[in-house]
Amino acid sequence: MHVPAEPGVSQQCRKLSGVLTIVGDKWTVMIVMVLMGQPRRFNELKRTIGGISQQMLTRTLKALERDGMVSRTVRPTVPPQVEYALTDLGMSLAQPLQALGIWASAHLVEIEGHRHAYDTRAAA
């Protein structure tokens, strides 16, 4: 039996999906965790995160700024210095991400064991 969706539910799911796409991205998680401690300049972020390309860092920071999670401040120096910081909204995201990181650390060995057992069975 087909149960019709409530009006607007599909649209709401699409909107949530768009937010979860950026929030669940590995680079977003890393940027938010690094900015949790203090504001950082672009190159400092790039060095601290490691493995992220300049293009990906730029793209992710712009998306976070667009969503209101990161603020971008340009200092009038020569050359101009750009600093990124978490907004209140970004800090509210940092809290559950930190909890997720704690959970992942606490279960890492167990997960690796399950992966190894699965891969061993799959190879047989």
Side-chain angles (χ1 to χ4, degrees):
M1 176 173 139
H2 174 65
V3 178
E6 293 179 39
V9 170
S10 180
Q11 183 180 0
Q12 183 70 8
C13 286
R14 283 194 297 275
K15 288 179 180 180
L16 284 173
S17 178
V19 171
L20 292 174
T21 296
I22 187 72
V23 169
D25 177 73
K26 77 173 183 177
W27 297 121
T28 294
V29 171
M30 295 180 85
I31 289 168
V32 169
M33 299 299 0
V34 169
L35 289 177
M36 218 173 114
Q38 66 186 41
R40 309 261 182 167
R41 290 174 45 193
F42 184 90
N43 285 330
E44 186 180 3
L45 276 170
K46 191 169 182 316
R47 277 192 309 274
T48 303
I49 292 171
I52 188 170
S53 69
Q54 184 167 333
Q55 180 183 20
M56 183 55 70
L57 181 56
T58 299
R59 184 182 303 151
T60 307
L61 285 168
K62 283 182 180 183
L64 290 170
E65 184 180 8
R66 179 176 182 247
D67 287 349
M69 292 184 238
V70 168
S71 65
R72 181 180 184 267
T73 304
V74 180
R75 307 263 183 240
T77 59
V78 178
Q81 293 180 351
V82 180
E83 187 176 80
Y84 296 90
L86 290 180
T87 62
D88 288 344
L89 182 61
M91 283 301 288
S92 72
L93 171 63
Q95 294 166 349
L97 288 181
Q98 189 173 34
L100 183 59
I102 291 168
W103 177 88
S105 293
H107 294 90
L108 186 59
V109 172
E110 181 181 357
I111 292 167
E112 287 175 341
H114 287 290
R115 286 177 178 174
H116 177 72
Y118 179 91
D119 292 347
T120 301
R121 286 191 311 270

Flag yes if [X] and [Y] sit in one hydrophobic cluster, no otherwise; membership is Ile, Leu, Val, Met, Phe, Trp, Tyr, and two members link when side-chain heavy atoms are under 4.5 Å apart.
{"X": "Val74", "Y": "Tyr84", "result": "yes"}
{"X": "Leu108", "Y": "Trp103", "result": "no"}
{"X": "Leu100", "Y": "Ile31", "result": "no"}
{"X": "Ile102", "Y": "Val29", "result": "no"}
{"X": "Leu16", "Y": "Leu64", "result": "no"}

More than 12 non-hydrogen atoms from neighbouring residues, nucleotides or ligands closer than 6.0 Å to CG on Asp88, yes or no? no

As a test of understanding, state which of Leu57, Thr60, Ile49, Thr48 forms a side chain to side chain contact (heavy atoms under 4.5 Å, CB included) with Met30.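 That would be Ile49; it is the only one of Leu57, Thr60, Ile49, Thr48 passing the side chain to side chain contact (heavy atoms under 4.5 Å, CB included) with Met30.
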
Is the shortest heavy-atom distance from the side chain of [X] to the side chain of [Y] under 4.5 Å?
{"X": "Leu45", "Y": "Leu61", "result": "yes"}
{"X": "Met69", "Y": "Val32", "result": "no"}
{"X": "Leu97", "Y": "Met33", "result": "yes"}

Residues Val34, Arg40; criterion side chain to side chain contact (heavy atoms under 4.5 Å, CB included); working and verdict: CA-CA 8 Å; Val34 169; Arg40 309 261 182 167; 3.8 Å; yes

State the CG-NE2 distance between Asp119 and His116, to the nearest 0.5 angstrom.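 Taking CG in Asp119 and NE2 in His116, the distance rounds to 8.0 Å.
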
What's the shortest heavy-atom distance between Ser53 and Lys46, and which atoms?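 So the minimum-distance heavy-atom pair works out to C-CE, 4.2 Å.
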
So which heavy atom on Leu89 is nearest to which on Asp67, and how close? CD2-O, 3.4 Å

